[in-house]
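Note that the structure is predicted; figures quoted are calculated from it, not measured. For ligands, and for the atoms within them, numbers begin at 1 and follow the listed sequence.
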Amino acid sequence: MTESTRRAMMLGAGGTGLAALLSACASYGSPTSEVSVESPAPEEEASSDAPKKKKTAKKALADTADIPSGGGKVFEGQKIVVTQPTDGEFKAFTAICTHQGCTVASVSNGTINCPCHGSKFNIADGSVAAGPASDPLEEKQITVDGDKIRLA
Ligand code: FES
């Protein structure tokens, strides 16, 4: 074998090796592209990750000036009673009587009054002042922001 024949054989072998390597790269590339097809489209990710937010600011229930000191006011639409037992201290309770579910109708003489059977509840803590109700009115959380009273 001459030196030139040996070189020719090595080049030929190298060429075959290169062809095999290119073939391997080509077959390796196919599964990779399939994986990328399986992943969700960017638009879908964006829409599923973006929760729809609503405004969280709550509408004021009342102005502090609406609530008499030592008394209160019934908000029939919201089924809430807001009271001011002492100057600047505001409380809120459900307006649903714990006796049989009537809506309380008035606040007077330090009590929240139910018209149906005469139950009375203390404006300071909703406790029963007079039956037939035996359970207090449930207190509701409120926030006072300046002169606005809001449900918390
Ligand atoms: S429902 Fe209020 S006193 Fe009976």
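For the cysteine pair C97 and C102, the distance separating the two SG atoms is not below 2.5 Å.
Tracing side-chain contacts under 4.5 Å through hydrophobic residues (I, L, V, M, F, W, Y), one reaches I142 starting from F75; they form part of the same cluster.
When the N, O or S atoms of H99 are ranked by distance to atom 4 (Fe) of ligand 1, ND1 comes first. Take the N/O/S atoms of H117: the one nearest atom 4 (Fe) of ligand 1 is ND1.
Ranking the protein heavy atoms by distance from atom 3 (S) of ligand 1 puts S119 OG, 3.1 Å first. The single protein non-hydrogen atom nearest to atom 1 (S) of ligand 1 is Q100 N, 3.2 Å, given as residue, atom name and distance.
Residue contacts with ligand 1 for C102 involve both N, CA, C or O and side-chain atoms from C-beta outward (heavy atoms, distance under 4.0 Å).
Smallest separation of non-hydrogen atoms from A124 and K91: O-CE, 3.4 Å. Heavy atoms only, all atoms of each residue included: T103 and P115 are closest at O-CD, 3.6 Å.
In this structure, SG of C97 and SG of C114 enclose an angle of 110° at atom 2 (Fe) of ligand 1, rounded to 10°.
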Margin query: For F90 and I67: C-alpha separation, side-chain torsions, deciding distance, then whether side-chain contact (heavy atoms from CB on, under 4.5 Å) applies.
Written below: CA-CA 8 Å; F90 295 91; I67 314 301; 3.8 Å; yes
